[in-house]
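Taking it in order: structure first as structure tokens, then the write-up.
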Amino acid sequence: MEAKSVKRERSNRLVGQFPRVGIRPVIDGRRNGIRESLEEVTMDMAKRVSIFLEKSIQYPDGSSVECVIADTCIGGVTEAVETQEKFERHGVDITITVTPSWCYPTETMDQDPLTMKAIWGFNGTERPGAVYLAAAASAHDQKGLPAFKIYGRDVQDMTDTTIPEDVQQKLLQFTKSALVVTIMRGKSYLSMGSVAMGIAGCIVNEDFFQNYLGMRNEYVDMSEFIRRLKLNIYDEEEYVKAIKWVREHCKEGRDINPSEQQRTREQKDKDWETVVKMTLIARDLMIGNTRLAEKGFGEEALGHNAIAAGFQGQREWTDFMPNGDFTEAILSSSFDWNGIREPFIVATENDSLNAVSMLFGHLLTNTAQIFADVQVYWSPEAVKRVTGKELTGMAANGIIHMNNSGPATLDGTGEQLINGHPAMKPFWEITEEEVKKCLNATEWCPAVDFFRGGGFSTDYLTKGGIPLTMIRLNLVHGLGPVLQIAEGYSVELPQDVHDTLDQRTNPTWPTTWFAPKLTGEGPFKDVYSVMNHWGANHCALSYGHIGGDLITLASMLRIPVSMHNVDQNRIFRPSVWGAFGTSEGADYRACQVYGPLYK
């Protein structure tokens, strides 16, 4: 039996409260028997949705999502405005309108252009809530306010108080995606450094962050790390705790550098001290640290309210200082010397677009994200030629070697379990024993020769059978942002096959062997096509098959999806998307017409 996870304090570490979900019970406003007969059943419908969401969805800190229900049923414009004022007071950024009957759409609808909107029209014959749903969706379409239609497949009796499974799925998909949109709003992306090695994803596009995500951009030069290291602008008591923990739990791996390039034991020990301090500094730059104010550094104590960040590293930093691998890997994990906690989103090489990809995955699942290089496609023929062995099982059609030139979250080892299977879990479900297993499965190898300043790279092999979604946001000139999605699984290779293939790249880096699900068509005709169509050298790997949620999220942000292997029955976009055609091209046309959410 799996050990119980340890209960931990939960709090939002960024400025601003989490967005609440507003439930709007709308009703036929006609009196003298019509409205009166519907009051109780309509308000009960709202309460049932509220209870369901609060039981089913958690904020990133592990607390239950909060819902706010209108004080009264909404039968006309006055009650609609009163509800909107209440929602504004209570921090509601997401609204779900529910009704079992016909109502007056334009008089009862949510007309706030910035709230995410869904409408559940009860599929019943006594009072046609589905008719209201169709009319209200039409009104939203006409007014340019995209809304998500939720319509149960099967007719229910008016007395049926259950929420059908298909309605539950749509409520969850809408709400999870809408929370991502609203949690990001007003937060910062922090660039620690600038562009690494000419990688375009590192070129921070402020128009994209501001207009599509509603986020701010903050910048610090990497010289700020030097300043804080020299002036001890970090919590020195925490550093003592941290370096002790690292020496006890972070196993140093083999040094594959030529003997003349290997650093001395004294240099390596000093490198460990530096990378731990770098980790404290990077975290403090993101979210601040009140202990710095106690030391007289009030400005530094505030941080940058960064929900995501990136560390440039190469080459200006890594040519003379220890690399950022330890910092990126530990911050991106769900634990450190302070215990089990929410992972940070920190992108290697300051790839801001991959940081956004990671952020999408994290906020949808509340799990850590694997930052990976999309390294190489291995065909069955190539594997046979190099190793003499056949690929089998999920790997039979070929595999993509995912690794990173140094770090990746330790959650990516696959040493956490759900129902006995390797997984990546929200931090509040992780046990202390699973933390130990993740640490034991990881070695920290002295950095290879092109990290001239030393440091340690994260070396592990992801367990097989984990459902993963490969994510990448790209910017295309003349088009704007596009999202790529590939669902698949991690796979395990025979140890000798893994060793042979891994040695050809770099055996000191973390590896995830990934097999995407194939459809036999287009970019998913075969594994080669997935690799060939991928739009960048990096991706994020998120736990679970969340492609449907990502498509919903992208539609909310007006970002078209350029490739995916998600079944049609899991695709949920605003109803107006159907007016733009039936092919994937409709997504592009709709996003172009509506434009960025915040512009």
Side-chain angles (χ1 to χ4, degrees), residues 2-21 50-68 90-94 168 171-187 283 286-289 303 305-309 330-346 358-370 409-419 422-439 466 540 542-544 546 549 553:
E2 185 178 348
K4 291 184 178 179
S5 59
V6 178
K7 186 176 181 180
R8 287 166 286 277
E9 181 180 355
R10 298 167 179 173
S11 62
N12 184 9
R13 62 192 180 198
L14 298 171
V15 177
Q17 65 181 8
F18 288 122
R20 294 183 170 92
V21 181
S50 176
I51 292 170
F52 169 69
L53 294 178
E54 289 178 348
K55 286 183 176 179
S56 304
I57 301 177
Q58 289 78 37
Y59 292 122
D61 70 346
S63 59
S64 296
V65 69
E66 296 180 8
C67 296
V68 179
H90 288 81
V92 168
D93 291 313
I94 302 160
Q168 290 184 21
L171 285 170
L172 292 176
Q173 195 161 330
F174 166 79
T175 305
K176 287 180 180 179
S177 301
L179 283 170
V180 177
V181 174
T182 50
I183 288 172
M184 290 189 300
R185 187 181 297 163
K187 308 303 190 300
R283 182 203 61 198
M286 291 183 70
I287 65 170
N289 188 342
N305 200 38
I307 196 170
I330 287 295
L331 288 178
S332 295
S333 300
S334 298
F335 49 84
D336 59 19
W337 41 86
N338 291 318
I340 301 172
R341 45 95 177 129
E342 180 188 352
F344 291 83
I345 299 300
V346 182
M358 295 169 71
L359 185 58
F360 287 174
H362 170 60
L363 293 178
L364 284 172
T365 65
N366 292 323
T367 62
Q369 304 292 296
I370 300 174
T409 173
L410 272 61
D411 298 54
T413 56
E415 294 291 343
Q416 300 162 21
L417 298 178
I418 294 178
N419 297 325
M424 296 168 65
K425 303 196 294 191
F427 77 89
W428 58 88
E429 295 180 3
I430 298 172
T431 67
E432 297 289 355
E433 183 62 28
E434 288 171 332
V435 170
K436 293 178 183 177
K437 289 182 178 179
C438 290
L439 288 164
I466 303 175
S542 184
Y543 177 73
I546 61 169
D549 293 341
L553 170 61

Would you check if [X] and [Y] make a side-chain contact, meaning some heavy-atom pair closer than 4.5 Å?
X	Y	answer
I57	L172	yes
M184	F360	yes
I370	M424	yes
K437	T413	no
I307	I183	yes
E66	F18	no
Y543	I418	yes

Qualifying residue, where the test is side-chain contact (heavy atoms from CB on, under 4.5 Å) with P343 and the options are P426, S332, S334: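 By the side-chain contact (heavy atoms from CB on, under 4.5 Å) criterion, P343 pairs with just one of P426, S332, S334: S334.
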Got a second to check how far [X]'s [atom1] is from [Y]'s [atom2], nearest 0.5 Å?
X	Y	atom1	atom2	answer
L14	K187	CG	NZ	6.0 Å
I94	L179	CD1	CG	4.0 Å
T367	F427	OG1	CZ	12.0 Å
F344	T409	CZ	OG1	12.5 Å
T431	L417	OG1	CG	8.0 Å
L359	L364	CG	CG	9.5 Å

Tell me the closest heavy-atom pair linking [X] and [Y], and the distance in Å.
X	Y	value
Q17	G91	NE2-CA, 3.4 Å
G361	I546	CA-CD1, 4.2 Å
E429	E434	O-OE1, 4.0 Å
D411	S333	OD1-CA, 3.4 Å
C67	L53	SG-CB, 4.0 Å
I430	I340	O-CD1, 3.5 Å

Any donor-acceptor pair under 3.5 Å from S63 side chain to Y59 backbone: no
Between E342 and H362, a side-chain donor and acceptor under 3.5 Å: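 Indeed, the side chains of E342 and H362 share at least one donor-acceptor pair under 3.5 Å.
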Chi angles and distances behind the salt bridge (charged side-chain N to carboxylate O under 4.0 Å, His left out) call for D61, R13: CA-CA 8 Å; D61 70 346; R13 62 192 180 198; over 6 Å; no
